[in-house]
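In what follows, a structure is listed as structure tokens, so that the remarks can point back to it.
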Amino acid sequence: MQDVLLFDLDETLVVEEQAAVASFEATAQVAAFSHDIKAAALAIGARSCARQLWYSTPVHQYCFRIGISSWEGLWCRFEGDEPNTCWLREWSPDYRRETWRLALVEQGIDDSALAEELGTRFGAERRARHETFPDVVPALSELSGNYTLALVTNGASCLQREKLAASGLSDYFAAVVVSAEIGIGKPDLAIFERALAQFECDPARATMIGDSLSRDIDGARAAGLKGVWINRFGQARPHGHVEVVEVSTLSDLPAAMNAFGA
């Protein structure tokens, strides 16, 4: 049996925050066409309003545990029968409208119809911005010849699978584990165990690759896996992570795996 590489999705394989920021800016620009406001300020305000509304919900702790962000809530369809998902699906139209209504009010604009339009527009703008990092396909193509690849991602099931499908990367992965589908998110040990159980793989023969030290790397190492931190944006290494293997691009991952002796 080949060793197993588990990959995170957001900010490891696909662009997330930059795509969200660009979507806020493009949506705000729509409002600037009809009102004398600064689109950049409206975009920043909408992000802030979305966070405030998101944190105020009775399901916020569930979203934190599963890994659904406030900006993802602005375009996720929340498909499925899980009770928290059902609550979010029912609430989400109000959430999207209210996010932009409050942001507009901060700019001195009281226009509910425009807020409704912007709430819908954001989802379209975000879906127009599915993007993978340029190093991903070459790295996965090279690694797939020597390792079994799987995806372990936090988030809503429908949204993470939509991102994966849009990325064109699905065929590289022998298994896909999404936190919302099992009710457990990284860094919980059980999500890594669930992924490896599909291959009957010993944790010592598996490596997690992700951008989050706390969720991806610390969680994996606690479960007995090795970990490689993909630090694309040059973050400072926190104290207590001296021994963590770090790469700035997935192009360096094969060499990192050789260093493990894998």
Side-chain angles (χ1 to χ4, degrees), residues 8-11 14-28 30-31 39-107 109-112 114-130 153-163 178-188 191 210-212 214-216:
D8 171 56
L9 182 63
D10 297 322
E11 305 291 38
V14 303
V15 178
E16 177 57 39
E17 184 167 4
Q18 289 180 352
V21 169
S23 300
F24 276 109
E25 292 172 347
T27 302
V30 173
L42 179 60
I44 292 170
R47 288 185 68 181
S48 176
C49 290
R51 283 193 299 270
Q52 293 174 31
L53 290 169
W54 192 251
Y55 293 158
S56 71
T57 69
V59 299
H60 174 250
Q61 287 302 316
Y62 166 80
C63 294
F64 178 79
R65 185 176 75 251
I66 295 301
I68 309 172
S69 71
S70 58
W71 64 56
E72 288 177 317
L74 290 172
W75 65 293
C76 181
R77 295 187 174 97
F78 295 111
E79 297 171 352
D81 299 327
E82 194 278 331
N84 294 291
T85 300
C86 292
W87 191 95
L88 286 161
R89 182 169 61 244
E90 183 175 350
W91 175 68
S92 60
D94 291 339
Y95 170 54
R96 293 162 190 168
R97 180 180 60 252
E98 192 68 0
T99 288
W100 289 97
R101 188 191 71 78
L102 292 173
L104 286 166
V105 168
E106 289 179 349
Q107 301 299 314
I109 305 296
D110 183 7
D111 191 333
S112 296
L114 178 59
E116 186 83 36
E117 177 186 352
L118 298 180
T120 299
R121 180 62 175 263
F122 179 86
E125 293 290 348
R126 180 61 185 85
R127 286 187 165 86
R129 288 173 170 81
H130 289 298
T153 178
N154 282 2
S157 175
C158 59
L159 191 58
Q160 296 308 96
R161 289 188 177 275
E162 178 180 348
K163 292 177 189 176
V178 184
S179 61
E181 295 176 3
I182 61 176
I184 302 165
K186 296 174 289 185
D188 194 301
I191 193 169
D211 70 295
S212 171
S214 60
R215 292 201 172 206
D216 296 321

For this session: Tell me, with the steps shown, if D10 and K163 meet salt bridge (charged side-chain N to carboxylate O under 4.0 Å, His left out).
Result: CA-CA 9 Å; D10 297 322; K163 292 177 189 176; 3.1 Å; yes
Problem set entry | Residue pair R161, E79: steps toward the salt bridge (charged side-chain N to carboxylate O under 4.0 Å, His left out) verdict | CA-CA 11 Å; R161 289 188 177 275; E79 297 171 352; over 6 Å; no
For this session: Applying side chain to side chain contact (heavy atoms under 4.5 Å, CB included), run through S92 and R96 and close with a yes or a no.
Result: CA-CA 6 Å; S92 60; R96 293 162 190 168; 3.8 Å; yes
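Taken from CG in D211 to CG in D8, the straight-line distance is 5.0 Å, to the nearest 0.5 Å. Between atom CD1 of residue I66 and atom CD of residue E181 there is a gap of 10.5 Å, rounded to the nearest 0.5 Å. Taking OG of S112 as the start and CD of E98 as the end, the distance is 8.5 Å to the nearest 0.5 Å. In this structure, CD in E17 is found 9.0 Å from OG in S69, a value given to the nearest 0.5 Å. The CD1 atom of I44 sits 11.0 Å away from the CD atom of E106 when rounded to the nearest 0.5 Å.
Between W75 and H130, the ring-plane angle classifies as tilted under the 30° and 60° cut-offs.
Residues C63 and L88 meet the side-chain proximity criterion, which asks for heavy atoms closer than 4.5 Å. Proximity of S214 to P187: side-chain heavy atoms (C-beta onward) are nowhere separated by under 4.5 Å. A heavy-atom distance below 4.5 Å is not found between the side chains of W91 and V59. Using a 4.5 Å heavy-atom threshold, the side chains of L104 and L42 count as touching. Proximity of T85 to Y62: side-chain heavy atoms (C-beta onward) are separated by under 4.5 Å at one or more points. For the pair I68/L159, no side-chain contact is recorded, criterion being any heavy-atom separation below 4.5 Å from C-beta on. Under the 4.5 Å side-chain criterion, counting only non-hydrogen atoms from C-beta, R77 is in contact with E162.
A side-chain donor from one of Q52 and S48 sits under 3.5 Å from a side-chain acceptor of the other.
The two atoms that bring C49 and L102 nearest to each other are SG-CB, 3.7 Å, heavy atoms only. Heavy atoms only, all atoms of each residue included: V15 and R126 are closest at O-NH2, 3.6 Å. Across all their heavy atoms, A31 and L114 have their closest contact at CB-CD2, 4.0 Å. Of all heavy-atom pairs spanning A50 and L74, the tightest one is CB-CD1, 4.0 Å. The minimum heavy-atom distance between H60 and Y55, with the atom names listed, is NE2-CD2, 2.9 Å. In plain terms, the two heavy atoms of A180 and S157 that are nearest each other are CB-N, 3.7 Å.
Of the possible donor and acceptor atoms, none in the side chain of R97 sits under 3.5 Å from a partner among the backbone N and O of G119. Remark: side-chain polar atoms of E82 are paired, donor with acceptor, to backbone N or O of N84 under 3.5 angstrom. The closest donor-acceptor contact from the side chain of E11 to the backbone of E16 lies under 3.5 Å.
A cation-pi arrangement is absent between R47 and F122, since the terminal nitrogen or guanidinium carbon is not both under 6.0 Å from the aromatic centre and inside a 45° cone about the axis.
If you look at W54 and Y95, their ring centroids are closer than 6.0 Å.
A side chain to side chain donor-acceptor pair (under 3.5 Å) with K186 holds for exactly one of D216, N154, T153; it is D216.
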